[in-house]
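Structure, as structure tokens:
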Amino acid sequence: MEMQPRLDNEFLVPQSHYNPLNEPSPLGLRLRKSPSLLELAQKRLNQSNADKGDSSTENPEAETKRDSKAKTRARASNSIDKLKASHFPASLLRIGRWEYVSKHEGDLVAKCYFSKHKIVWEVLDGGLKKKFEINWADIVGLKANCAANGPGGLTIVLDKPPLFFKEINPQPRKHTQWRSTADFTDGEANTQRQHFLQCEQGVLDKHYEKLIQCDARLNFLSQQQDIILNFPFFSPQTSINDQNMSANAVFNIPEFYGISHMASPSALLNYPPRTVESGSLGLIHQDISKEAQSSSSGTFSTIQMMIE
């Protein structure tokens, strides 16, 4: 018997090489790894690797600089975000005619949140906490007095009123739950742009230094001369407290916001403050009512005399 020659393939290739899954081809075709196919695949692969190498070495110096800058920015951002919030006790908080005087340590606490870019004044009133929340972007004036032989003081000037919150459902050993609330300073914090915080000697120093080193704009504000407000009140548009209002950063400080460089910020207040001790938050409504009645009575008498 004569052997019939194989007509289907010039090369004897095991079936496992071209059909490793041992599955029938949908079209009845078989892929053979011929030398020409392998040579073409290797050529395309070499060309692709060469193109990648050319693009990566086109400007290695510029690429290195970009990578270095990106890593520096990332490290700076991460270092600020990882900073723990600063908490330190204060003895007095004054906003316009409203004052809060701490009787015991912990009644008045200042907090600085570096990742959230916020400053908080937290007061204790009747066993419950209340707080003012201030965005860094709303600060347009900043000055500290870190005295070596006396109490330290921090003065800030705002572009818009702070947000107000009160504690709800207090529970021991649990995080404080907050709810937005109305101005609890009889309108002083909603109209007065300047806040003054006083601390015991040496308490403020390191926290203030940490704050201005973490934000370039606040650092710039801290280096300005002593400031006094030409306009101590918020404009009518910003004096209305809007809890959902977004904060806008302000870099151009001086005259637009009514801030002039003058001798001392203490000259801002032209009337004596009304002091509120811890546990009795708020102004005395009776005095205000009497002043209003007296003013209205005088006005009515003047009008009556003019008519007569």
Side-chain angles (χ1 to χ4, degrees), residues 85-103 105-144 152-168 170 175-199 203-204 207-208 211 215 218 221 229 232-234 238-248 250 265 268-269 273-283:
S86 289
H87 297 186
F88 56 96
S91 56
L92 179 144
L93 175 63
R94 179 187 302 138
I95 307 172
R97 291 187 297 173
W98 182 87
E99 277 190 353
Y100 183 93
V101 180
S102 175
K103 285 185 175 180
E105 185 173 346
D107 288 348
L108 174 58
V109 179
K111 300 181 179 181
C112 186
Y113 296 96
F114 299 97
S115 59
K116 298 178 180 179
H117 292 189
K118 292 182 179 180
I119 290 178
V120 169
W121 314 137
E122 193 173 289
V123 300
L124 186 64
D125 176 38
L128 294 177
K129 298 177 183 178
K130 295 182 180 180
K131 70 174 181 177
F132 309 81
E133 195 171 278
I134 301 166
N135 291 314
W136 289 5
D138 295 334
I139 299 175
V140 294
L142 179 69
K143 183 62 68 174
L154 174 65
T155 302
I156 64 173
V157 179
L158 303 181
D159 179 33
K160 61 181 61 173
L163 303 181
F164 307 92
F165 296 90
K166 64 180 179 180
E167 182 183 19
I168 60 170
H175 291 292
T176 305
Q177 299 181 34
W178 299 98
R179 177 181 296 168
S180 61
T181 187
D183 183 356
F184 44 83
T185 65
D186 278 358
E188 293 296 294
N190 238 348
T191 56
Q192 296 285 339
R193 299 175 60 196
Q194 179 170 285
H195 292 203
F196 174 74
L197 184 77
Q198 182 174 291
C199 305
V203 172
L204 177 64
H207 301 285
Y208 177 71
L211 172 64
D215 188 86
L218 295 183
L221 292 174
L229 296 177
F233 306 104
F234 293 111
T238 58
S239 62
I240 300 175
N241 183 35
D242 182 2
Q243 297 283 36
N244 297 321
M245 187 181 298
S246 61
N248 296 320
V250 180
L268 170 64
L269 302 179
R274 299 188 176 187
T275 303
V276 179
E277 294 183 348
S278 57
S280 59
L281 192 63
L283 296 177

Got R193 and V140 here, is their nearest side-chain heavy-atom distance under 4.5 Å? yes

What are the two closest non-hydrogen atoms of A90 and S102, and how far apart are they? O-CB, 3.6 Å

Taking the side chain as everything from C-beta on, heavy atoms only, tell me whether F184 gets closer than 4.5 Å to D125. no

To the nearest 0.5 angstrom, please state how far the OG1 atom of T181 sits from the CZ atom of F165. 10.0 Å

Just so I know, are the side chains of L197 and L92 near enough to count as touching, which here means a heavy-atom distance under 4.5 Å? no

Do F234 and N190 make a side-chain contact, defined as non-hydrogen atoms from C-beta onward lying under 4.5 Å apart? no

For the student: nearest non-hydrogen atoms of L142 and I139, plus distance: CB-CG2, 4.4 Å

Mind listing the closest non-hydrogen atom pair of H87 and H207 along with its distance? O-CE1, 3.9 Å

Considering residues at least two apart in sequence or located in another chain, which fulfil the side chain to side chain donor-acceptor pair (under 3.5 Å) criterion with E122? K111

Write down the atom of P162, the atom of A189, and the distance for their closest heavy-atom approach. CD-O, 3.5 Å

Please state whether the rings of W121 and H195 are parallel, tilted or perpendicular, taking 30° and 60° as the class boundaries. tilted

Is the closest side-chain heavy-atom distance between Q192 and F233 below 4.5 Å? yes

Return the NZ to CG distance between K116 and N135, rounded to the nearest 0.5 Å. 11.5 Å

Just to verify, what does E167 make a salt bridge (Lys or Arg N to Asp or Glu O under 4.0 Å) with, not counting sequence neighbours? none

Taking every non-hydrogen atom, the tightest pair across A144 and L204: CB-CD2, 4.3 Å

Does the side chain of Y100 come within less than 4.5 Å of T185's, by heavy atoms? no

SG of C112 to NE2 of H117, rounded to nearest 0.5 Å, is 9.0 Å

From L128 CG over to T176 OG1, what is the distance, rounded to the nearest 0.5 angstrom? 10.5 Å

Heavy-atom side-chain contact between Y113 and V120 under 4.5 Å: yes

Which distance, rounded to the nearest 0.5 Å, do you find between the OG of S86 and the OH of Y208? 14.0 Å

Atom CG in D183, atom NZ in K130: separation rounded to 0.5 Å? 10.0 Å

Applying ring pair (Phe, Tyr, Trp, His ring centres under 6.0 Å), can you list everything that pairs with F196, at least two apart in sequence or on another chain? none

W98 side chain near L93 side chain, heavy-atom distance below 4.5 Å: yes

Looking only at non-hydrogen atoms, find the nearest pair between A182 and F164 and report the distance. O-CB, 3.8 Å

